[in-house]
Amino acid sequence: MHISIVGSGYVGTTVAACFADLGHTVTTIDIDDSIVAAIEAGDAPIHEPGLDELVAEHGGDRLRATSSYDIIPETDLTMLALPTPSRDDGSINLQYMKTGAESVGEAVANQNSTGSDSDPHLIITKSTVIPTTTDEQLAPAIARAGLARTQDFLVGSNPEFQREGSAVTDFLNPDKLVFGTADERARELLHKLYEPLRERADDEIPVVETDVAAAEMIKYGNNAFLASKVSLINDLGNVCKEFGVDAYEVANAIGLDDRIGAQFLRSGIGFGGSCFPKDTNAIIAAAEERGYSPPMLNATLRVNDIQPERLLKLLTKHTDITDNRIAVLGLAFKPGTDDIRHTRAAPVIDQLRDHGADVAAYDPVATENMREYYPDITYTETASDALVDAHGAVIVTGWDEFAALDTEFDTMVDPVVIDGRRIIDRRDGITYEGLTW
Ligand code: UGA
């Protein structure tokens, strides 16, 4: 098949490269010329393990990039993988999706005006959007160019469940595929699109066939459930801490119950990233607009806010932070990425500064990104540099290298370590507190 993907961010680029690897011809469309040039030259425009190899192999060949929408009518289907950022009130901003949908509609209409008699063009929403968005907002935006739904174009939703840092392997080994569409022809095209993936997979990949709005909701359900699982184990972890119980021992045991499952039970400083905070906020805002304020999902966010506050309380219990140097180890929202979106390091640094601390921050890869938002704090080249003369250290990201820190703690004025990720071992010579253990 020949498919077009509008938007070459994290999702668009990895999905495009993976589909090209499966044997399809893929053209990505992006307004950023540097992204287009990179893909055409076989260079991955973003860092994601395994992506360099795929783009090097297929870029400029089966994987093409352009800034023009003209290619769209020549392709068998188009995916919209554009950003869906948050507005200030947490609700979703559909501006990019709507503009993209309109441009796709115009491209399809241009071809129709040349008189060619083709099948309706299938447009699939890949980005995370609130249920009913594709049907009620994107389809009308596509139709604006004078197109008739079902006759000139079809719509569908095919959400993605990739994690940053393992997006390529997640795409190639999915737990499920979700095909949301009301149209049989669209469903057939989606089956055809994923056929090579299902052939390549060792195990049968379940396909969930459903309507568009349910597919859109499945994505929110997935992320809200996982975010809530983290907040629930953090909530329980805070209770554990009050009793001097190790939350990880408790989590290991409860995770043996198949109904609970062992994953996503790591308690600590909480969740960050481009998806859990944004998506939980967005689905709450959308539900509230319809008159229902979901108490559980609101609590998920509340617990996530509480964790950095508890970290700071533990720190101030053991050391005086005002006018003193405090080391913040880890700035990325999780290890393996330089992404700082919604990182827990932000509330930690904010609160430290509110208390007058002199923050010395270190991260192996995310420093430059953080510097943009926090230009006034000290950044160090190594974790040990951050610890020198510090009156306390807090661990925000679970980078493996922090586990190896040892005699470096001796350089601190006051060797107080508050661990938000359970990466440092308790040992003699330091005052160690785990957030939930
Ligand atoms: C998440 C989902 O896991 C993906 O399935 C989804 O496709 C993606 O969002 C998205 O919607 O695009 P991601 O944000 O890349 O993926 O990262 P995760 O590995 O899920 O971690 C999210 C946050 O939860 C991190 O800050 C991590 O440290 C935290 N977390 C995770 C915990 O605090 N404890 C855990 O046990 C697990």
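Start at 1 and go down the list; that is how both ligands and their atoms are numbered.
- The nearest protein atom to atom 20 (O) of ligand 1, hydrogens excluded, is given as F264 CZ, 3.3 Å; this is a heavy-atom distance.
- Nearest heavy-atom pair, T78 versus S4, reported as atom, atom and distance to 0.1 Å: OG1-OG, 2.8 Å.
- For E164, a nitrogen or oxygen atom sits less than 3.5 Å from a nitrogen or oxygen atom of ligand 1, counting backbone and side chain alike.
- Of the charged side-chain nitrogens involved, none lies within less than 4.0 Å of a carboxylate oxygen, so that E433 and R310 do not count as a salt-bridged pair.
- Here the protein heavy atom with the shortest distance to atom 28 (O) of ligand 1 is R421 NH1, 3.3 Å.
- Classification of D406 and R427 as a salt-bridged pair holds, one side-chain N sitting under 4.0 Å from a carboxylate O.
- For atom 35 (C) of ligand 1, the nearest non-hydrogen atom from the set K219, R266, H342, E160 belongs to R266.
- With a 6.0 Å radius and a threshold of 12 heavy atoms from other residues, nucleotides or ligands, Q263 has its CD atom at or below the threshold.
- Listed by number with element, the atoms of ligand 1 under 4.0 Å from a non-hydrogen atom of G270 are 33 (O).
- Taking atom 7 (O) of ligand 1 as the reference point, the nearest protein heavy-atom neighbour is Q162 O, 2.6 Å.
- Salt-bridge formation is not detected for the pair E164/K334: no Lys NZ or Arg NE/NH1/NH2 atom is positioned less than 4.0 Å from an Asp or Glu carboxylate oxygen.
- A salt bridge links R200 and D21; the closest N-O separation between the charged side-chain nitrogens and carboxylate oxygens is under 4.0 Å.
- For atom 1 (C) of ligand 1, the nearest non-hydrogen atom of the protein is F276 CE2, 3.5 Å.
- Annotation: side chain of V359 is not in contact with side chain of Y374 (no heavy-atom distance under 4.5 Å).
- Shortest contact from atom 10 (C) of ligand 1 to any protein heavy atom: C275 SG, 2.7 Å.
- More than 12 non-hydrogen atoms from other residues, nucleotides or ligands lie less than 6.0 angstrom from CG of D257.
- Below 3.5 Å of separation, one finds no N or O of G273 facing any N or O of ligand 1.
- Considering backbone and side-chain atoms together, L226 places no N or O closer than 3.5 Å to any N or O of ligand 1.
- Atom OH of Y432 has more than 12 heavy atoms from other residues, nucleotides or ligands within 6.0 Å.
- When only non-hydrogen protein atoms are considered, atom 13 (P) of ligand 1 lies nearest to K334 NZ, 3.8 Å.
- Under 4.0 Å from ligand 1, the heavy atoms of L265 that appear belong solely to its backbone.
- Considering backbone and side-chain N/O atoms, N222 never comes within less than 3.5 Å of an N/O atom of ligand 1.
- Checked by distance only, ligand 1 and R163 stay at 3.5 Å or farther apart across all their nitrogen or oxygen atoms.
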